[in-house]
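First comes the structure, then the notes that go with it.
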Amino acid sequence: VGKFWQFSGEVLEKMRKNPDGHGWMDYSIRKQKELPEVVTDSYLHSMMMAGIVAAHETTANASANAFKLLLENRALWESICANPALIPNAIEECLRFSGSFVAWRRKATKPTVVGGVDIPEGAKLLIVMASANHDERHFENPDEMDIYRDNTTDHLTFGYGSHQCLGKNLARLEMRIFFEELTKRLPHMELVADQKFEYLPNTSVRGPDNLWVRWDPSRNPERTNPDILGTRHSVKIGPPSKQDLTREMRVEALERIGDNILGVTLKDPNGNALPRWSAGSHIDFEVGEFSRKYSLCGEAGDNGTLKVAILREDNGRGGSLHIHQTLCEGMSVRIRGPKNHFRLNETHDDYVLIAGGIGITPIIAMADRLKAIGKPYTVHYAGRVRANMALVERLMRDHGAVTTLYAGDEGQVLSLDATVAALSEQTHIYSCGPEGLLNALQDLMEPMAERLHIEHFSAVATGLDPENETAFEVELADSERTLTVAANETLLDALEAAGIDIQSDCREGLCGSCEVRVLDGEADHRDKAMSAAEHATSDRLMSCCSRAKKGSRLVLAL
Ligand code: FES
């Protein structure tokens, strides 16, 4: 500690030579001149030591942990070498899976209850963030490393609220540079076999004392391609962008499963296992300039392929038409996901599943799941024309005893009134289909809106019209900050600009990933992710599109 004290003094001396230096320590040095009795020498030394430890110990150990994880999972290492755009999210997943700060101490500022345990005011706590980072209620398959995980930035390795890590974006940037440079220059690097990893016995900081790697210099890529030394990546400060999380897939099979419906089976080009997905999940399909969402409708337990059914919409925005015209077997495509914004709550007693048209795709996956877990359910599947009702054969094979089909061209009509009137008090409805069907269901279920679960695929309105918007204030209760959201920006934009990590995906009010808890104030809800009843309670909002009601100030749990 004595030597470290001296070293900190040397760094301070160096900084004193540049009186105009930018940053917190330089500012403190200037303040010392004005207020030497407040900003003492001892204070400056302590702050320098704290800063060096906080910045070095965390990032060095986090980097060692991350290199170890990715080199041990060779397929993941090769994925980031092949597609450096995945690096920011891979780093975030390493921070979640095995961060350098596993626990930290806190003091309760007021009495509270956590997990049924009373915590009195003033209680000293050791908060094990690493445990929260593996909470299966928040992260799907938490003990699996998934560099495509779309909510990985929800980890608590950087802390949360007003005490979150001051240098989190610097740490992200440093780690990103380590990985970008080393994957570019030494993609053939590997861990030395049979090395023993030793860890400092410590309750908070975790990382191996040494991490030995090896490589063959004759295989260094710059020997055959010196140009790679000059390649540069653009740098984005902050959390990773979801738009970069694309995964290459091969079109394994195409099949007509209706007059205008194409069944598409996708596989990993290297035969790697695909992430497990749950009923209601979808993928974003990236073909040409188009990005479109399609629900997964394969059979549960198949982690070798992903299946979607794509309806050709001749009067749509062009995406499905382009896919129908260009997709061929063996073709390489990119996808994002799987993600689930239409989760099946498996704790209900009884279910009615209602599908309209191509909306059968998530519904059939839900029927599979309910059958597998032994829950009572019925399926109503309506389509305008029987020839364009997808997956009928499989639906009748696996769920025929509980399914009713309504083909419009055969005169069969699904009566939503009768279906809703026949519901028992325990029954929950899950529905996907055209907007007309979903709106009608929403109207009928208004008095019991909490029992209706629907998935929308189109937004009410997109874009912001600054002419017709007003600026408003938001108070971030946990971070102890107040922000002004200008008329020409969304709340999500303002939060991101303030360095608040917040999930987002569709950015048009459909997916529910940018949800924020509202503690006070009236929200002007503009999303489709929540029901009318949820809007009425106003205790949450979607930050990508919703705002404060005119004249209101929002207090958010952030
Ligand atoms: Fe999808 Fe806001 S980002 S609802």
Side-chain angles (χ1 to χ4, degrees), residues 136-142 144 146 148-151 257 263-266 273-285 293-311 335-382 389-403 426-433 437-438 441 450-457 505-506 510-513 529 531:
E136 64 284 352
R137 290 166 303 179
H138 196 85
F139 298 105
E140 278 203 32
N141 310 316
E144 274 173 30
D146 178 3
Y148 298 94
R149 190 183 293 280
D150 68 345
N151 67 344
I257 54 172
V264 183
T265 304
L266 301 170
L274 295 167
R276 282 184 277 159
W277 54 276
S278 48
S281 297
H282 72 272
I283 54 172
D284 291 281
F285 209 82
K293 293 183 195 325
Y294 296 107
S295 294
L296 291 171
C297 56
E299 292 180 39
D302 173 8
N303 68 348
T305 60
L306 295 176
K307 288 189 180 164
V308 292
I310 300 175
L311 171 70
I335 65 162
R336 294 192 286 128
K339 316 170 191 183
N340 198 339
H341 301 144
F342 186 36
R343 273 182 198 283
L344 180 68
N345 181 333
E346 297 180 1
T347 62
H348 304 314
D349 295 325
D350 187 29
Y351 299 79
V352 168
L353 308 178
I354 301 177
I358 198 66
I360 188 62
T361 47
I363 293 298
I364 200 169
M366 290 185 170
D368 290 345
R369 179 64 189 162
L370 292 172
K371 187 176 180 183
I373 59 174
K375 291 275 181 162
Y377 66 99
T378 50
V379 182
H380 298 271
Y381 178 19
M389 289 171 70
L391 303 167
V392 168
E393 207 175 299
R394 178 159 104 67
L395 185 67
M396 297 315 283
R397 182 194 73 199
D398 295 341
H399 308 283
V402 291
T403 297
Q426 288 76 36
T427 309
H428 281 244
I429 294 183
Y430 283 76
S431 182
C432 185
L437 171 92
L438 301 181
L441 260 178
E450 69 291 348
R451 292 201 274 135
L452 176 65
H453 312 269
I454 54 182
E455 181 169 46
H456 288 279
F457 276 91
D505 188 5
C506 68
L510 287 173
C511 71
S513 52
S531 65

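One is the number of the first residue; the rest follow in order along the sequence.
Scored by the salt bridge (Lys or Arg N to Asp or Glu O under 4.0 Å) test, E144 finds R276 as partners (sequence neighbours excluded). With sequence neighbours excluded, the residues that form a side chain to side chain donor-acceptor pair (under 3.5 Å) with R369 are E346. With sequence neighbours excluded, the residues that form a side chain to side chain donor-acceptor pair (under 3.5 Å) with R343 are E140. With sequence neighbours excluded, the residues forming a side chain to side chain donor-acceptor pair (under 3.5 Å) with D302 are T305, listed by chain and number. Checked against side-chain contact (heavy atoms from CB on, under 4.5 Å), R397 has the following partners two or more places apart in sequence or in another chain: E299, R394. Among residues two or more places apart in sequence or in another chain, the side chain to side chain donor-acceptor pair (under 3.5 Å) test is passed with K293 by D284. Taking Y377 as the reference, H399 meet the ring-ring contact (aromatic ring centres under 6.0 Å, His included) condition, with sequence neighbours excluded. A390 meets the side-chain contact (heavy atoms from CB on, under 4.5 Å) test with I257, I261, I358, I360, Y381; sequence neighbours excluded.
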Check your understanding: Stepwise, does the salt bridge (Lys or Arg N to Asp or Glu O under 4.0 Å) test hold for D398 with K371?
Key -> CA-CA 9 Å; D398 295 341; K371 187 176 180 183; 5.0 Å; no

Practice item. Please lay out, stage by stage, how H282 and F342 fare under the test side-chain contact (heavy atoms from CB on, under 4.5 Å). Key: CA-CA 9 Å; H282 72 272; F342 186 36; over 6 Å; no

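No more than 12 heavy atoms of other residues, nucleotides or ligands shown are found within 6.0 angstrom of CD on E393.
In terms of heavy-atom proximity, W277 sits nearest to P338 at CB-CB, 3.9 Å. The minimum heavy-atom distance between T361 and S295, with the atom names listed, is OG1-CB, 3.4 Å. Taking all atoms of both residues into account, the shortest heavy-atom contact from C432 to L437 is O-CD2, 4.2 Å. Nearest heavy atom pair, residue L274 against residue G304, reads CD1-O, 3.4 Å. Contact detail for A365 and L296: the closest heavy-atom pair is CB-O, 3.9 Å. In plain terms, the two heavy atoms of N345 and Y430 that are nearest each other are N-OH, 2.9 Å.
Considering CG of L353 and NE2 of H453, their distance stands at 11.0 Å, rounded to 0.5 Å. With rounding to the nearest 0.5 angstrom, the CD1 atom of I373 is 11.5 Å from the CG atom of D368. From D505, atom CG reaches atom CZ of R336 across 5.5 Å, with rounding to the nearest 0.5 Å.
With 3.5 Å as the limit, one finds a donor-acceptor pair spanning the side chains of S278 and N340.
A side-chain contact (heavy atoms from CB on, under 4.5 Å) with T378 is found for one member of L370, T403, I354, V352 and no other, namely V352.
The side chain to side chain donor-acceptor pair (under 3.5 Å) analysis of residues 348-359, with sequence neighbours excluded, yields the pairs H348-H428, D350-T427.
Put simply, the side chain of L266 reaches to within 4.5 Å of the side chain of F285, judged on heavy atoms.
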